2 protein chains.
Amino acid sequence: MAYRETPMVKQRKLAQKSGLLRAAESLVREGGFAALTIQAVASKAGVGVGTVYRYFNNKDELSTEVFRRATIRELEAVKLALSAELSVAVRLADAAEVFAQRAFAAPKLAWALIAEPVDPAVDLARLEYRKAYSALFEAVIAEGVDSGVLVSQTPSLSAAALVGAMAESLLGPLDHPSCDSLTIVALREFCLRAVGVLYKP
Amino acid sequence: MAYRETPMVKQRKLAQKSGLLRAAESLVREGGFAALTIQAVASKAGVGVGTVYRYFNNKDELSTEVFRRATIRELEAVKLALSAELSVAVRLADAAEVFAQRAFAAPKLAWALIAEPVDPAVDLARLEYRKAYSALFEAVIAEGVDSGVLVSQTPSLSAAALVGAMAESLLGPLDHPSCDSLTIVALREFCLRAVGVLYKP
DNA sequence: TAAAGAAGTGAATCATGATTCACTTCTTTA
DNA sequence: TAAAGAAGTGAATCATGATTCACTTCTTTA
């Protein structure tokens, strides 16, 4: 055999792939998914267009991967808040707050992840992750209902509604750079009311 | 002068235009905006492609018009519920119910209006109408806060959140043809809680 | 150093619909 | 009935990016 992939080559390939993903994400941070073209990714990463296709079968695969990675980071942050050692009510409000806080920290990215018109493939991923968010909230709401600290309700509907409320209520404020903290407080309160907190220990 | 538009011609042109809009909307009802191509509209309306361009400057104008007309119908229905001679709380819940009821009556259209990935031009219209919904709810929430039947809150945020909650919570149920009425009841309750009803006269 | 096996390249091609435009058909009026 | 002024037509063209592929360059091994 005259050629075999050495660890060094393997590592360089990994670095190349993650470099492409970085370039792609930074384009999305700047101009949303509309700015994510193969040409732009290639030139930002300093490679030829063809090279991008060595690492991703097609554009959908690249955009979806960018979406997925960014969204998982957000999801994990929310998950963390939801799994703290605190009361159900506080965990729910904290989760909403974390979501909002992070959105305000990177408004364009948040908008791209939440609401930008995107390729159907990316939109499919969006739906998936909306469900993932929903599932996280559903579990905590169900816990609250079972333990009697939340009013009786349909956790799956409340969870989806909460996710929708969080996303939609930020869309306006994300445009303006003002009053983030007021928005966050109002969102916390909305979520707490929506979920029907009975006892506030 | 050898030619002048007679009333008959004028009427025929109006009929032609509304025929094209009908054809377009029926395509959207069947397959969402993805199914809305100029070719399809022309053939469904029984005219040539070129004719479509006699009535609409470009595709964006046509799709936006379809979106606008359909959405205004929904908006008016919600507006009607919000302006009934009933308590603030009941009006809000009724409005959510009307929204949901109508969505279940035409699920594909509802999905197309609420969540389908669409051309940026249509999406812009979507944002506008989200704001319009929001404004309607905001006024009623503000009224409730002022008159002391709702807990103190930021009406603009609550309204946007409510609109988001209504849209998002229907996305799942719209896929399945089951349990519409349970969903609607759960949504009503969610909205009532979210908005913090103090007195229930 | 030579040959094999990739990775890298970017101009050329493709795909998908929108859009145009030279032409035909219809309507109106004198 | 003839000429003007539209409306109607659909094959051909355009626009926008994604995708390909023949070729070049790099890496590895014997």
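None of the values given here were measured: they were computed from a predicted structure. Proteins get letters first, then strands, A, B, ... in listed order; numbering begins at 1 in each.
- Atom C1' of nucleotide C/dA7 and atom NZ of A/Lys10 are separated by 16 Å, given to the nearest angstrom.
- Using a 4.0 Å cut-off between a side-chain N of Lys or Arg and a carboxylate O of Asp or Glu, A/Arg126 and A/Asp123 qualify as a salt bridge.
- Summarising the geometry, the separation between CZ on B/Phe33 and C1' on C/dT16 is reported as 20 Å, rounded to the nearest angstrom.
- For B/Glu76, the CD atom sits in a packed shell: over 12 heavy atoms of surrounding residues, nucleotides or ligands are nearer than 6.0 Å.
- In this structure, B/Phe67 and B/Phe33 have tilted ring planes: the angle between them lies in the 30° to 60° band.
- The phosphate of C/dG17 (OP1 or OP2) has no side-chain N or O of B/Lys59 nearer than 4.0 angstrom.
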Listed pairs, N/O of protein and of nucleotides 10-14 of chain C, under 3.5 Å:
from	atom 1	to	atom 2	distance (Å)
C/dG10	N7	A/Gly50	N	3.2

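- Remark: C1' of C/dA18 and CG of B/Asp60 are 10 Å apart, rounded to the nearest angstrom.
- Comparing B/Thr37 and A/Tyr55 against DNA chain C, the residue whose closest nucleotide sits nearer the 5' end is A/Tyr55.
- Shown here for B/Val52 and B/Ala42, the closest heavy-atom pair between the two residues is CG2-CB, 3.9 Å.
- The interatomic distance linking B/Ile38 (CD1) with D/dT9 (C1') rounds to 15 Å, in whole Å.
- Note: CG (B/Leu62) to C1' (C/dT19) measures 14 Å, nearest angstrom.
- Here the straight-line distance linking atom OG of B/Ser134 with atom CD of A/Glu168 works out to 6.5 Å at 0.5 Å rounding.
- When the side-chain nitrogen and oxygen atoms of A/Arg54 are compared with OP1 and OP2 of C/dT9, none of them lie within a distance under 4.0 Å.
- In this structure, B/Lys59 is not positioned above the aromatic face of B/Tyr53 in the sense of NZ or CZ being under 6.0 Å from the six-membered ring centre and within 45° of the axis.
- With hydrogens and angles ignored, the 3.5 Å screen pairs a side-chain donor or acceptor of B/Arg130 with a backbone N or O of B/Ile114.
- If you measure from atom NZ of A/Lys13 to atom C1' of D/dT27, you get 12 Å, rounded to the nearest angstrom.
- Rounded to whole Å, the distance from CD on A/Glu61 to P on D/dT19 is 10 Å.
- Between A/Asn57 atom CG and D/dA18 atom P there is a gap of 15 Å when expressed in whole angstrom units.
- When heavy atoms are screened at a 4.0 angstrom cut-off, B/Phe56 is found touching no nucleic acid atom at all.
- The line from CD of B/Gln16 to CG of B/Leu14 is 11.0 Å long, rounded to the nearest 0.5 Å.
- The shortest distance between the side-chain N/O atoms of A/Arg12 and the OP1/OP2 oxygens of D/dC26 is not below 4.0 Å.
- In DNA chain D, runs of at least 3 consecutive Watson-Crick or G-U pairs, each pair with both distances below 3.5 Å, span C:1-30 with D:1-30.
- Under a 4.0 Å N-O distance rule, the pair B/Lys44/B/Glu30 qualifies as a salt bridge.
- Side-chain nitrogen and oxygen atoms of B/Tyr53 include none within less than 4.0 Å of the OP1 or OP2 phosphate oxygen of C/dC21.
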